[in-house]
Every structure is written in C-alpha cells, then in structure tokens.
Amino acid sequence: MNQTLQALLAPRSIAVIGASDHIHKIGGRPIHYMREHGYAGKLYPVNPQRDTIQGLPAFASLDALPEVPELAIVVVSGDAAVSAVRDCARLGVAAAIVIASGFGEAGEEGRRQQDEMVRVAAAAGLRLVGPNSQGLANFGTGTIASFSTMFIEVPPQDGPVAVVSQSGGVGAMVYGLLRGQGIGVRHMHATGNEADITVSELALAVARDPDVRLILLYLEGLTDPAVLAEAAAVARQRGVPIVAVKAGRSSAGQRAAASHTGAIANEDRAVGAFLARHGICRVDDAHALVRCAPLYLRGWQASGRGLVVVSNSGASCVMAADAAEPLGLSLAPLAQATQAALAARLPGFASTANPVDVTAALLTNSGLFGDVLPVVAADPSADLLLLDIPVAGMGYDLPRFARDAASFADSAGKPIAVAAWQAPVAAAFRAVNVPVYTSGAEALAAFAQLVTHQQRLRDIATEDTLLQARQPPAAGAVSRVAGHSLSEAASLARLASAGFPVVAHQLCHSVDEAVAAWRALKGPVAVKASSPQVPHKSEHGLVALNCNDEHAVAHAYLAQTGILETLGAACEGVVVARMERGQRECMVGAHWDPVFGPMVLVGDGGKYVEVLRDTAVLLAPCTEAAVERAVAGLRIAPLLAGVRGEPAVDVAALCRIAVRVGNLMHEANGAIRSVDLNPVMVSAGGAVVVDALMEVTADTA
C-alpha cells in the first residue's frame with residue numbers, strides 16, 4: 001500500500017479539524033466511531049475552544065500537535081476549510097478528507113475555492129478526498145473517518161464487501177441494505193466532489209485488499225477510466241466481481257449530478273461500453289447493486305441458464321416460468337431418468353416436470369425439499385435452482401427446510417436461491433447462509449445478473465488474449481488539432497486503401513467521364529456530388545439514385561455541380577457508384593471520445609438511423625465475437641437471421657467491417673475523429689460500404 005492509501009485506509013495518526021464533543025455532530029462522529037470500533041492509532045481533536053473532546057486532549061491548531069498526522073479530517077467549512085488544507089500542505093500531511101460542502105457543487109465561487117484547495121494540495125503532494133464527502137470507513141482497521149448516521153442505525157461488522165460511492169447517501173444506503181441481509185462490509189468510502197481522489201482510485205485500492213470478495217460502486221462522473229480499468233483488471237485476476245451504478249443516464253440526471261457533486265457528464269452509451277469491456281456489471285440503482293451479493297459471495301460459477309423451479313405451490317411455479325423467460329433464463333428440460341427419480345420421491349399427484357410442484361404434501365413430509373433438490377441438481381440441464389416458498393408457517397418444519405437447502409448449497413456447487421416473503425421463513429434460510437429473496441422475480445433477476453456477468457468475464461478473458469497487442473493508446477498522445485470533414489470520394493478512397501469492401505465507384509470531373517463510368521459499371525448507378533463542405537448531400541439534392549441511361553447520368557452531373565456552385569462549395573467532382581442491392585441497410589460508425597478514446601457504433605442504418613437508434617456501442621479495438629454479441633442484441637437481429645423465406649444475411653461480414661473501423665480509429669490515435677459508414681449494404685453474400693464520411697484532424701495527411 002502506497003503512502004497515500006496507507007494514510008487514507010490505515011493511518012497511524014488522525015487529526016480531526018473542527019472536532020466536536022457531541023457524538024451526533026459531524027465533527028464528533030468520526031472520533032466516537034473510531035473509539036468504539038477499534039481504531040488503534042492516535043487521534044488528535046483540533047478545536048481552539050476546548051481543552052478536551054470526548055475524553056481526549058484537544059489542540060488549538062495543527063501546529064500544536066505533537067506530530068504531523070498522516071490523515072486530517074477537515075470538518076470546518078468555506079475559507080476555513082481552504083486554510084486547513086493549506087496548513088496540512090505546509091506541514092506535510094499525506095492525505096486529507098474534506099467533509100465540508102459548498103464548493104464545486106454550489107456554483108462559481110465554490111468552484112473557485114475548490115480549485116484553490118486543490119492547487120495548494122497538489123503543490124505539496126497532499127492528496128484530497130472531497131470536498132462534500134461523507135468520509136471513508138475501513139472497518140478492518142477501525143479507521144472510520146466518516147460522519148454517516150448509518151453506523152449508528154446499523155452497527156458495523158467487518159466483511160468481504162467494499163462499497164465505494166461518489167455519494168455518501170447512496171453509499172450509506174448500500175451499506176444498510178447489505179447489513180440488513182447479514183453481510184459484513186470491509187470498506188465504505190464516499191468521494192464527494194472528487195476534486196482529487198476518485199471512486200476509480202479507491203476501487204483500485206480495495207481491489208488489492210485480500211479480504212475483499214465483492215466491490216460495489218456508485219459513480220456520477222468518470223474522468224479517469226484508465227484507473228478504473230486497472231482496478232477491474234486487478235479484480236478479475238483475483239476473481240472479485242465489480243458491480244456499478246453509473247448515474248446520469250438522462251440529460252436530467254446529468255444536470256442533477258452536476259448540482260450534486262459537480263460531476264462531469266459522460267455520454268452514457270460510451271460509459272456502458274467501457275464498463276462492459278472491463279467486466280464491470282452495470283445495474284440501475286442501489287437495490288440492484290446489492291441484489292446479487294449473496295450469490296456472488298457464495299462463489300458459485302453458473303455454467304449456463306437452465307433453471308429448475310421447485311415449489312409447494314403450482315401457481316408460484318407458473319409465475320416463475322413467466323418471469324424467467326424475459327430475463328433470458330430457460331426452464332431446463334428434465335431428463336426422463338430425473339423425472340422417474342422424482343416420481344419415486346413425490347406423491348403421485350405431484351408434478352415431476354419442470355417446474356416441480358411438491359404440493360401441500362410438504363406439510364406432512366418435511367423432507368421433500370431435501371429429497372428433490374439433489375435429484376434435480378444431478379440433471380445435466382440444471383444450472384440454477386429456485387426454491388419458491390409462497391407460504392410456510394405453523395406446522396411447517398422451517399429448520400429442516402433450511403438445513404436441507406444449506407446442505408445442498410454447500411455440496412452441489414450449483415447456485416440456489418430461495419424466494420420467501422414471510423420474514424420468519426426468510427430468516428431461517430438466511431441464518432444458514434442460503435441466499436433468500438422476497439419474491440421469485442427478485443431471485444430470478446439475481447440469477448440473470450450472475451450468469452450474464454460471469455459469461456461476460458469469460459468472454460473478456462478471450463478478448464484480452466486476442467487484443468493484448470492492441471491496447472488503446474495513452475490519452476496524452478491524442479491530437480488536439482481541430483478536425484475537418486473529408487469528401488465522400490476521399491473517405492471511400494481512404495477506406496479502400498485500408499482494405500475495406502467499398503462500393504465500385506469512380507470520381508468523375510466531366511459529363512463524359514460520368515457517362516463512361518456508368519457504362520463501365522454496367523447497370524444502375526448512384527450519382528453523388530463530392531465536396532468536403534457539404535457532408536450531408538441528400539439534404540441539398542446532391543444524390544441521384546438508379547440512374548441507368550446517358551441522359552439521367554448527365555442530367556444528375558450537371559444539376560449537382562450547379563447546386564454546389566450555388567452553395568459556394570468546392571467541388572471535387574461527382575462520384576458515380578454501382579447501385580448495391582443488399583437485403584438490409586446497416587451502419588457502422590466510430591468517434592473519438594475525449595474520455596474513453598475510440599468507440600465503435602454498429603446497427604440498423606439508412607436515413608432513419610438517428611430516429612430509430614437501434615445501434616450498439618463498443619470500445620475499440622474490439623473482436624468479431626464482441627461485435628456479433630452486440631448485433632445479436634439489436635431489435636433488427638431477427639431480421640438479419642432471415643424471415644419469411646429470406647436467407648440470413650452475412651452478419652460476420654458486417655462485424656468484420658466494425659472491427660476494421662475500430663482498428664483504424666485505434667491506429668490513428670485521435671488523428672481520425674469520426675467515421676460514418678451509412679449505409680453498409682448487407683446481404684447473404686457479404687457487406688459493402690456504400691457511403692462514407694470521415695472527419696480527420698487538420699494535421700492529418
């Protein structure tokens with residue numbers, strides 16, 4: 001652990017600037033928590049108005065301390081907070097947590113104060129958490145440098161989970177939800193405005209903690225993706241899942257984040273692509289962050305999506321089957337041998353097909369769950385088991401049910417979850433460490449998250465091997481020169497030279513050349529004026545389709561060159577291109593994101609692409625397999641597979657174009673700002689780029 005992380009997570013000494021004797025005030029809680037929960041270092045309350053605070057000697061200033069503390073907690077606000085940070089910097093304090101708010105999240109003057117605070121700290125090598133931070137808590141060392149009320153409401157218990165949140169409120173909520181399930185928490189850190197230290201940096205720190213087995217993140221801004229990528233790599237190597245909420249999906253959410261923590265908004269689909277590429281499971285809210293924790297912590301590896309439901313209610317069986325399908329879980333078809341073994345154990349009127357209804361006979365035979373679970377688990381199609389108990393009370397042997405489920409969970413090696421809404425029933429299973437949910441739908445959502453996340457992690461292992469020689473370039477190498485558009489002719493020429501399958505075409509500079517090109521292409525052609533100053537040609541009448549005689553070609557040439565002259569736009573010539581007749585118009589695009597680097601877009605194309613928005617985003621470079629998975633998730637995927645007698649299109653050809661676009665962007669390292677290939681005509685025989693537009697930097701040859 002480096003000096004900064006040591007000072008934040010396991011400091012030998014802590015000063016609380018603005019300390020209070022009152023344990024329910026912000027300046028009093030950290031001292032109270034650390035004295036109550038085993039912090040072994042030295043605590044120095046700083047308050048010029050008191051001689052003692054909570055039984056400890058108080059000091060008038062940092063200068064009055066007997067030593068330079070490793071960590072300072074700054075509770076005072078406004079200019080006093082800036083002065084406190086200046087004192088910390090002057091004395092050589094390693095790290096400070098600025099709890100005070102009213103800085104970058106509060107307007108221009110607050111931003112000015114925050115910037116001054118960061119400038120002073122950076123000059124001295126002082127690292128800052130906050131401002132506007134609820135603080136950090138490491139329950140493994142007792143370093144509870146936080147004022148969260150939640151630690152009074154729900155007493156801490158060290159455990160295998162780390163929670164790192166930009167929001168203190170969300171972090172406290174996640175902590176409370178985990179503790180409510182009996183799950184211990186090792187770390188609960190809130191970064192606030194992230195003027196310096198970020199969620200990504202603390203995620204990297206907790207990923208290296210050997211006792212952490214699950215990491216939960218809440219982010220509003222993401223300015224240092226390379227650090228989060230490193231944290232994800234460390235976590236993957238250790239087998240530690242990371243689940244994250246990235247708030248600010250909508251424009252309204254982005255505005256709210258800016259007022260909350262001063263977060264910088266990231267384009268949401270770029271964020272999603274980044275998280276997916278690095279194996280971080282993205283969920284929607286704090287409840288979803290916690291939902292799958294009991295399954296992750298059991299360490300189960302789901303081998304597939306085959307679900308078996310066992311219940312004492314036929315209606316619950318039906319509803320579980322309904323809920324499973326939209327989540328991508330399939331009811332496992334039980335083998336005849338499995339059903340025969342079940343028939344030997346169940347009453348004659350019970351169902352031995354999946355879902356398995358053990359009926360109300362459970363009331364008189366408490367061993368039915370224990371008899372059934374090993375049988376269905378042995379079926380090769382069974383990957384996941386849901387034990388759905390809609391009712392069990394007086395007369396039911398709950399301890400027996402729980403023991404049987406726990407024995408199965410410990411020995412079978414297959415994920416099992418219990419759905420039980422009755423608190424005493426849920427408590428019985430939770431007491432023996434069997435994952436339990438209040439409904440079958442909630443349990444199935446957790447299963448779906450587990451299997452999807454684990455499959456993504458397996459895919460990444462393959463992708464990392466294929467892409468290990470093609471790591472994204474450092475952000476500092478990206479050209480900052482302003483960009484400009486290339487004409488269609490220049491864009492097609494550049495793509496052709498890079499090996500892309502582009503439409504057969506010719507750039508013509510006279511009517512005679514255009515007519516000769518039509519004859520050479522032997523069929524209907526598209527005639528399109530080529531000018532870098534008019535990138536969107538159809539809006540100006542600069543595209544003519546299905547021209548198939550001399551008159552049509554000549555007329556289109558003269559009309560379009562005349563329009564360019566009227567517009568005052570430079571004319572590079574007119575492109576005469578073969579009319580391609582693909583089954584589907586698709587698009588492939590790419591742009592250079594200022595935070596994440598090259599991003600690839602692939603999906604439905606044509607003139608309605610911006611309205612229908614059926615596209616997927618991937619981080620570049622990417623593999624063909626990754627693009628194929630993305631395309632399979634599009635709304636048009638069934639059409640690409642062939643319907644009503646149509647053959648399936650060559651999706652692999654489309655994916656190869658997307659991979660090449662990603663490679664082109666990666667190798668250009670920012671010199672190409674964007675690529676727009678629309679349409680890419682896709683048919684059973686391949687894919688062809690019909691139209692292209694590229695934006696490059698002014699210093700690009």
May I ask you to decide if [Y]'s main-chain N or O and [X]'s side chain share a donor-acceptor pair within less than 3.5 Å?
X	Y	answer
Ser439	Glu442	yes
Asp357	Ala350	no
Gln454	Ala302	yes
Arg298	Asn433	yes
Asn312	Val391	yes
Gln134	Ala190	no
His189	Ala137	yes
Gln157	Arg179	no
Lys25	Ser20	no
His278	Ala233	no

Just so I know, are the side chains of [X] and [Y] near enough to count as touching, which here means a heavy-atom distance under 4.5 Å?
X	Y	value
Pro11	Pro69	no
Tyr396	Val425	no
Thr191	Glu201	no
Asn138	Arg186	yes
Asp383	Val451	no
Tyr39	Tyr33	no
Thr143	Ile14	yes
Leu178	Leu216	yes

Where [X] and [Y] come nearest, the two heavy atoms and their spacing:
X	Y	result
Gly440	Ala419	N-CB, 3.5 Å
Val290	Pro294	O-CD, 3.8 Å
Pro160	Leu297	CG-CD2, 3.8 Å
Ala420	Ala426	O-CB, 3.8 Å
Ile215	Ala203	CD1-O, 4.3 Å
Leu289	Val243	CD2-O, 3.5 Å

Mind checking the [atom1]-[atom2] spacing from [X] to [Y]? Nearest 0.5 Å is all I need.
X	Y	atom1	atom2	value
Glu194	Leu219	CD	CG	7.0 Å
Tyr44	Ile73	OH	CD1	14.0 Å
Leu275	Leu222	CG	CG	7.0 Å
Thr462	Leu457	OG1	CG	11.5 Å
Gln449	Leu327	CD	CG	11.0 Å
Leu217	Gln166	CG	CD	11.0 Å

Inset, instruction - Please assess Met173 against His287 for the test side-chain contact (heavy atoms from CB on, under 4.5 Å), listing each intermediate value before the final yes or no. - result: CA-CA 9 Å; Met173 180 182 179; His287 289 277; 3.2 Å; yes
Which of these, [options], sits in a side-chain contact (heavy atoms from CB on, under 4.5 Å) with [X]?
X	options	value
Leu450	Pro241, Cys281, Pro415, Pro435	Pro415
Val372	Leu385, Val356, Asp404	Val356
Ile97	Val74, Leu71, Val16	Leu71

Is the ring centre of [X] less than 6.0 Å from the ring centre of [Y]?
X	Y	result
His37	Phe151	no
Phe447	Tyr437	no
Phe369	Phe408	no

Inset, instruction - Could you tell me whether the side chains of Glu153 and Tyr175 share a donor-acceptor contact shorter than 3.5 Å? - result: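 No, Tyr175 and Glu153 have no side-chain donor paired with an acceptor closer than 3.5 Å.
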Inset, instruction - Compute whether any side-chain donor of one residue and acceptor of the other, for Arg305 and Thr452, lie under 3.5 angstrom apart. - result: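 The answer is yes; a qualifying pair exists.
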Legend entry - Residue pairs fulfilling side chain to side chain donor-acceptor pair (under 3.5 Å) with at least one residue in residues 371-381, sequence neighbours excluded: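 Passing the test, one end in residues 371-381: Thr338-Asp379.
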Legend entry - Basic-acidic side-chain contact under 4.0 Å: Glu463, Arg456: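 Arg456 and Glu463: salt-bridged.
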Legend entry - Residues Arg208, Glu230: salt bridge by 4.0 Å N-O rule: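 Looking at Glu230 together with Arg208, the answer is yes, because their closest N to O distance falls below 4.0 Å.
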Legend entry - More than 12 heavy atoms of other groups within 6.0 Å of Glu325 CD: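 Atom CD in Glu325 is not crowded, with 12 or fewer foreign heavy atoms closer than 6.0 Å.
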Legend entry - CA sep, side-chain torsions, deciding dist, call: Ile242, Leu228, side-chain contact (heavy atoms from CB on, under 4.5 Å): CA-CA 11 Å; Ile242 301 180; Leu228 187 54; 5.6 Å; no
Legend entry - Residue pair Arg12, Gln6: steps toward the side-chain contact (heavy atoms from CB on, under 4.5 Å) verdict: CA-CA 9 Å; Arg12 291 181 286 269; Gln6 167 75 29; 3.9 Å; yes
Inset, instruction - State which residues pass side chain to side chain donor-acceptor pair (under 3.5 Å) with Gln455; sequence neighbours excluded, sorted by chain then number. - result: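 Gln455 satisfies side chain to side chain donor-acceptor pair (under 3.5 Å) with Arg458, Asp459 only.
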Inset, instruction - Go through His187 and Leu202 one step at a time and tell me if the side-chain contact (heavy atoms from CB on, under 4.5 Å) criterion holds. - result: CA-CA 10 Å; His187 298 273; Leu202 289 173; over 6 Å; no
